[in-house]
Amino acid sequence: MSKDLTKRSENYSQWYNDLVLKADLAENSAVRGCMVIKPYGYSIWEMMQAALDKRFKETGHSNAYFPLFIPKSFFTKEASHVQGFAKECAVVTHYRLKNAEDGSGIIVDEDAKLEEELIVRPTSETIIWHTYRGWIQSYRDLPILVNQWANVVRWEMRTRLFLRTAEFLWQEGHTAHAKADEAIAETEQMLNVYAEFAEKYMAIPVIKGIKTANERFAGAIETYCIEAMMQDGKALQAGTSHFLGQNFAKAFDVKFTGKDGAQDYVWATSWGVSTRLMGALIMTHSDDQGLVLPPKLAPIQVVIVPIYKGEEQLNQINDIAFTLKTALQNKGISVKYDNRDTQRPGFKFAEYELKGVPVRIAIGGRDLENGTLEIARRDTKEKETVSKEGIAERVEKLLIEIQENLYQKALALQNNMTHSANSYDEFKSILETKGGFVYAHWDGTTETELKIKEETKATIRCIPLNNKKEEGKCIYSGKISTQRVLFAKSY
RNA sequence: CGGGAUGUAGCGUAGUCCGGUCAUCGCGCCUGGUUUGGGACCAGGAGGUCGCAAGUUCGAAUCUUGCCAUCCCGACCA
């Protein structure tokens with residue numbers, strides 16, 4: 001297998017595809033649009049899951065599991081929700097196969113038609129709110145704070161590994177509250193959980209904001225989001241948190257009796273992040289040599305590679321390496337010692353660079369004599385020969401430094417890719433020449449938003465939270481505007 | 001789902017126009033040996049229903065039709 005990746009400068013999307021395959025993250029499967037997530041890719045996802053799950057629990061949520069299948073009739077109960085998802089649903093119509101009478105193979109048994117078709121969940125609001133109806137009678141039953149880790153299916157026409165697949169893995173939180181402001185606080189809290197996760201773990205700076213009516217989740221009153229900037233100047237929605245109002249409670253007739261004895265519909269939120277985060281991680285940090293992983297999400301944080309002549313030398317290096325491995329592990333650092341004799345050191349160096357391992361330690365004959373070792377960091381490619389004394393502490397600090405450096409680099413990238421436009425011509429020229437985020441005045445109408453999208457391909461990614469109020473004129477219509485919104489071409 | 005391109009060994013490919021020892025080459029893989037401070041070298045070896053299915057023909061990787069998959073461009077979307 002050729003290990004060479006397409007260069008980012010030559011073809012960014014080809015680079016991304018190559019990287020996902022060659023770093024062993026995922027591959028296409030026999031089913032169109034559905035991916036196989038390979039062990040290495042999945043272990044990164046598991047790191048993400050672990051960090052998020054911990055935060056969900058800390059904020060009072062519990063995990064549960066709801067069915068993969070949703071009765072079709074549930075879907076029709078919330079009008080905008082159906083409309084939003086109808087075009088991309090997989091539908092189960094039969095429950096049995098049989099042998100064809102002409103011996104041509106196995107066919108669907110038409111006698112086994114389902115009375116009511118089942119939809120493979122594209123999201124679980126409907127089945128969950130149907131279920132919550134049975135769980136909620138009184139304000140004492142509230143709030144309900146539930147999350148589920150699951151797969152969902154959206155029949156996408158054009159798919160890309162991790163970024164958009166027909167089936168993907170995600171978590172979806174679904175909460176029920178007695179008061180609107182409590183639900184809004186929950187929505188905002190989870191947005192902050194996502195933003196912190198993106199910045200502290202993924203080392204990706206994000207813009208928090210709310211979606212326009214046009215970009216809002218089907219069935220939500222308000223959609224909050226975090227938006228990230230990729231190296232090619234396109235934005236990527238990394239997470240969403242929805243205030244659903246009483247829409248689903250009304251659709252599924254979920255009422256509770258308050259302290260005062262009055263009945264009211266329950267207030268809802270839902271929030272999710274998906275395996276798409278893998279795409280964000282790749283496109284934010286990686287380079288032409290391969291994946292670059294932030295230490296906090298790296299399945300292997302440190303790899304140790306021996307360089308030796310003869311078995312005797314290998315044995316000496318083994319002793320040092322195993323001692324070092326233990327010392328690092330005692331500090332909670334994940335280490336791999338790769339003393340395979342079937343590959344040479346140079347090959348291993350290239351391989352672990354491709355896979356984004358943050359720190360590499362090489363130990364060779366020279367080091368045996370000098371009591372040193374070579375330590376190399378993936379993010380900057382710097383190499384240094386250092387004394388093996390105090391190496392565990394040094395590596396521990398280095399991992400923190402790498403994590404911070406990746407964030408700062410990504411932040412600088414985001415800043416460089418963020419522009420302001422004061423006229424439509426300027427707006428278009430920025431999009432054509434530089435890409436990235438563009439702050440511009442907008443008159444607040446869906447009509448204008450759609451026109452701009454049609455003419456430039458750029459969409460309003462969000463109206464940033466805590467946005468600076470500023471008098472201005474809409475770049476498209478010239479109408480009065482009170483603030484700039486964030487435009488970008490997006491994934 | 002519409003338009004375009006592509007599909008030959010695990011990967012990348014030659015051959016396809018002009019049907020007939022054409023299944024080519026490189027990487028990878030296996031065995032043995034020598035090696036090991038940035039993707040090793042030598043020798044030997046294995047591996048292919050030419051995406052799938054029909055059709056045309058004495059004969060199809062090559063021509064025709066249908067299907068499937070991937071990539072690019074649109075519409076749609078986390």
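The existence of a salt bridge linking A/R377 and A/D379 is confirmed by a sub-4.0 Å separation between a basic side-chain nitrogen and an acidic carboxylate oxygen. A salt bridge between A/R378 and A/E353 is absent, with no side-chain N of the basic residue lying under 4.0 Å from a carboxylate O of the acidic one.
Backbone-only contact: A/G33 has heavy atoms under 4.0 Å from sugar-phosphate atoms and none from a base. Residue A/K383 is classed as a base contact, given a heavy-atom separation below 4.0 Å to a base.
Aromatic ring orientation, A/F243 versus A/W267: parallel (interplanar angle below 30°, classes split at 30° and 60°). A/F56 and A/H61 have perpendicular rings, their planes meeting at more than 60° on a 0 to 90° scale where under 30° would count as parallel. Using a 30° and 60° split on the angle between ring planes, A/W170 and A/F168 fall in the perpendicular class, above 60°. Classification of the A/W129-A/Y132 ring pair by plane angle, with boundaries at 30° and 60°, yields perpendicular.
In this structure, A/R32 reaches the B/U70 phosphate: one of its side-chain N or O atoms is under 4.0 Å from OP1 or OP2. Here A/R344 reaches the OP1 or OP2 of B/A40: one of its side-chain N or O atoms lies under 4.0 Å away. Proximity of A/S13 to the phosphate of B/C72: a side-chain N or O atom is located under 4.0 Å from OP1 or OP2. Contact check, A/R360 against B/G38: no side-chain N or O comes under 4.0 Å of OP1 or OP2.
Looking at A/T446 and A/N214, their side chains never bring a donor and an acceptor atom within 3.5 Å of each other. Side-chain contact annotation: A/Y224 with A/N192, donor-acceptor N/O pair under 3.5 Å absent.
Atom name P, nucleotides B/A60 and B/U21: the rounded distance is 12 Å, in whole Å. Straight-line distance between the P atoms of B/U49 and B/U24: roughly 14 Å, to the nearest whole Å. Spacing of C1' atoms, B/G10 relative to B/G48, comes out at 12 Å, to the nearest Å. Separation of the P atoms belonging to B/C41 and B/G19 is 42 Å when rounded to the nearest angstrom. Only the C1' atoms considered, B/C73 is 27 Å distant from B/C11, to the nearest whole Å. Nucleotides B/G74 and B/U57 have their C1' atoms positioned 41 Å apart, rounded to a whole Å. Nucleotides B/C17 and B/U65 are separated by 15 Å at their P atoms, to the nearest Å. Across B/U62 and B/U8, the matching C1' atoms stand 11 Å from one another, rounded to whole Å.
Remark: nothing in residues 205-230 of chain A comes within less than 4.0 Å of RNA chain B through any heavy atom.
A search for ring-ring contact (aromatic ring centres under 6.0 Å, His included) contacts involving A/W442 returns nothing, not counting sequence neighbours.
Between A/E167 and A/A376, it is A/A376 whose nearest contact on RNA chain B lies nearer the 5' terminus. For the pair A/M157 and A/N17, nearest-nucleotide mapping onto RNA chain B gives the more 5' position to A/M157.
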Annotated structure of RNA chain B as dot-bracket, pair cut-off 3.5 Å, Watson-Crick or G-U only, | for inter-strand, is ((((((((.[[[..)....(....]]].((((((.....)))))).....[[[[[..)....]]]]])))))))....

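Among the nucleotides B/G74, B/C76, B/A78, the one closest to any side-chain atom of A/R154 is B/A78.
Counting only distance, with no hydrogens or angles, the side chain of A/Q231 and the backbone of A/M283 share a donor-acceptor pair below 3.5 Å.
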